[in-house]
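Scope of the values below: all heavy atoms of this structure, side chains included, with no hydrogens, waters or symmetry mates.
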Amino acid sequence: MQKILSLFSVFLLLSACEVGVEVPEPSKGQANLSLFVSLGDSYTAGYTNGALSPEGQQTSFASLLAAQIELVSPQDYHIPLLPEETSVGSTLQGEMVLVQGESGPTPYTSQGDPDLLLNPETWINTNGPYQNLGIPGARVFHLLTPAYGNASAGAGNFNPFYARFASSPGLSTALSDAQAQTPSFFSLWIGVYDVLGYALAGGEGQGGVGSQDITPSSLFEQSLDYLLGQLTAEGSKGVVATLPIIEQLPFFNVILPNALVLDATQAAGLLAAYGDYNTAAASYGLSPVTFSEGANFWIVEDDTNPLGLRQIKASEKLLLSLPRENFVTKGWGSQVPIPQEYVLDEAELLSISNAIDDFNGTIAELANKYDLALADLPALMEKTAGGLIIDGVTYNHGYVTGGLFSLDGIHPTGRGSAIIANAFIEAINVTYKSTIPLVDVNSLWGIQFP
């Protein structure tokens, strides 16, 4: 009894003590954060749910990072904001929203505001300078290219997302717009679209450095080296980031390769319909197509196959952009092969993986060369792939339900941007011995359900 009373007394004593975590005083450490600018692509700009919108711009990882930097070094951070209640995407569509369908919430693409990109009278070139210099769709060399903002070059030959806020369209570049401000600190996250454009086209590149091809390694390295050399020439410091694992994005994992569900009668009918194919396949030493009751692999185009088609492999990917109504209305994937621009085969996936590895090696080397902080995005994606728990909320790569990615399956939600921003902040704090506070992830917006 005495022992029980003693233990109870200890419990009361411990309960009376206030248990807390010591939070360091916010500090800029060794970093000069007096003027922060951010350069990059759609992730920096705040593209989300398939379009650019004011909400997305204000909650991009770069904008959230700027807000946290301001806690230790007050400053102005201007964003080239779209007007309130507007949105516009790369194909002039609006942002995606969830609407209630017969089978539950369904993504729907809203009406965009193309005038914001097509009408120079709506552009805001004279309202700068802007500290957020994110350009949706930009590759590394685009940040050095004056023609990238030259509207007189004609549609398809310039980027209207940049032209609308460039300090001097057709003459300035994202780099020169940054340098004109003499920033003391910068973030540069660029290179995703140097690979992603190829992936979004189903690996159907056009050769050279066209919009649907992977950027050559030499051009990537030369451009990034020049960018960082110029940004640090006056003693500025900053943070860069490696590129995410593209094949892990929901965009490439929503439509499963074995999602062709058949009953016994349907399976027998398709097997009979492909009888001639299987006879010819045997003569070429190719695998036959097979169908059975239950889950089956789709039929896809393959111009490397002498018969022009085959069944997709378990390791290959289908794009979210594939019009799924064609499964029913046109017999895609069963009676008719899925066009290969909606398919990433093993060779194309290997090209993507090799490019990401190559570019990430270059980014890490140049971060070391210029003594910059480095945010490890592949490591972050490995954590989120398995489920990252933050204050009781789990984030993963699930489409719609995962909380990390928006409805376009490529860009993050506000909460996803906060998680990315925190990866940047942690890298800055380690490198420059600062104590910039982290973003409160769960206070940001996620998928909005109807």
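For the pairing with S167, the side chain to side chain donor-acceptor pair (under 3.5 Å) check across D177, N125, T173, T126 returns one residue only, D177.
With sequence neighbours excluded, no residue forms a side chain to side chain donor-acceptor pair (under 3.5 Å) with N396. The side-chain contact (heavy atoms from CB on, under 4.5 Å) search around L71 returns Q68, P437, not counting sequence neighbours. Under the side-chain contact (heavy atoms from CB on, under 4.5 Å) criterion, P74 pairs with no residue at all, not counting sequence neighbours. Partners of S218 according to the side-chain contact (heavy atoms from CB on, under 4.5 Å) rule, which considers only residues two or more places apart in sequence or in another chain, are P216, Q222. Qualifying ring pair (Phe, Tyr, Trp, His ring centres under 6.0 Å) partners for Y77, counting only residues two or more places apart in sequence or in other chains: F36. The ring pair (Phe, Tyr, Trp, His ring centres under 6.0 Å) search around F161 returns none, not counting sequence neighbours. Considering only residues two or more places apart in sequence or on other chains, Y399 meets the ring pair (Phe, Tyr, Trp, His ring centres under 6.0 Å) condition with none of them. Considering only residues two or more places apart in sequence or on other chains, S315 meets the side-chain contact (heavy atoms from CB on, under 4.5 Å) condition with K313, E346. With sequence neighbours excluded, the residues that form a ring pair (Phe, Tyr, Trp, His ring centres under 6.0 Å) with F61 are W189, F424.
Within a 6.0 Å radius of CD in E325, more than 12 heavy atoms belonging to other residues, nucleotides or ligands are found. Residue Y226 qualifies as open at atom OH: its count of foreign heavy atoms under 6.0 Å is 12 or below.
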Donor-acceptor pairs under 3.5 Å, side chain of residues 141-150 to any protein atom, not counting sequence neighbours: which ones?
{"residue": "H142", "atom": "ND1", "partner": "R139", "partner atom": "N", "Å": "2.9"}
{"residue": "H142", "atom": "ND1", "partner": "Y148", "partner atom": "OH", "Å": "3.3"}
{"residue": "T145", "atom": "OG1", "partner": "F141", "partner atom": "O", "Å": "2.7"}
{"residue": "Y148", "atom": "OH", "partner": "N159", "partner atom": "ND2", "Å": "2.8"}
{"residue": "N150", "atom": "OD1", "partner": "S152", "partner atom": "N", "Å": "3.2"}
{"residue": "N150", "atom": "OD1", "partner": "S152", "partner atom": "OG", "Å": "2.5"}
{"residue": "N150", "atom": "ND2", "partner": "S152", "partner atom": "OG", "Å": "3.4"}

Residues 112-122, side-chain donor-acceptor partners within the protein, below 3.5 Å, at least two apart:
{"residue": "D113", "atom": "OD2", "partner": "S87", "partner atom": "N", "Å": "3.1"}
{"residue": "D115", "atom": "OD1", "partner": "N119", "partner atom": "ND2", "Å": "3.4"}
{"residue": "N119", "atom": "OD1", "partner": "E121", "partner atom": "N", "Å": "3.0"}
{"residue": "T122", "atom": "OG1", "partner": "D115", "partner atom": "O", "Å": "3.2"}
{"residue": "T122", "atom": "OG1", "partner": "L116", "partner atom": "O", "Å": "3.3"}
{"residue": "T122", "atom": "OG1", "partner": "N119", "partner atom": "O", "Å": "2.8"}

Please report, to 0.1 Å, the donor-acceptor pairs under 3.5 Å made by any side chain of residues 245-261, with sequence neighbours excluded.
{"residue": "N253", "atom": "OD1", "partner": "K317", "partner atom": "NZ", "Å": "2.5"}
{"residue": "N253", "atom": "ND2", "partner": "E247", "partner atom": "O", "Å": "2.9"}
{"residue": "N253", "atom": "ND2", "partner": "L249", "partner atom": "O", "Å": "2.8"}

Review point. H78 and Y130: ring-ring contact (aromatic ring centres under 6.0 Å, His included), yes or no, with the steps?
Key: CA-CA 5 Å; H78 296 289; Y130 297 103; 7.3 Å; no
Review point. Given the rule in the ring-ring contact (aromatic ring centres under 6.0 Å, His included) test, do H397 and F405 qualify, once you have shown the distances and angles that lead to the verdict?
Key: CA-CA 7 Å; H397 298 179; F405 290 96; 5.5 Å; yes
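Using modelled atom types, no side-chain atom of Q335 and backbone atom of G333 make a donor-acceptor pair closer than 3.5 Å.
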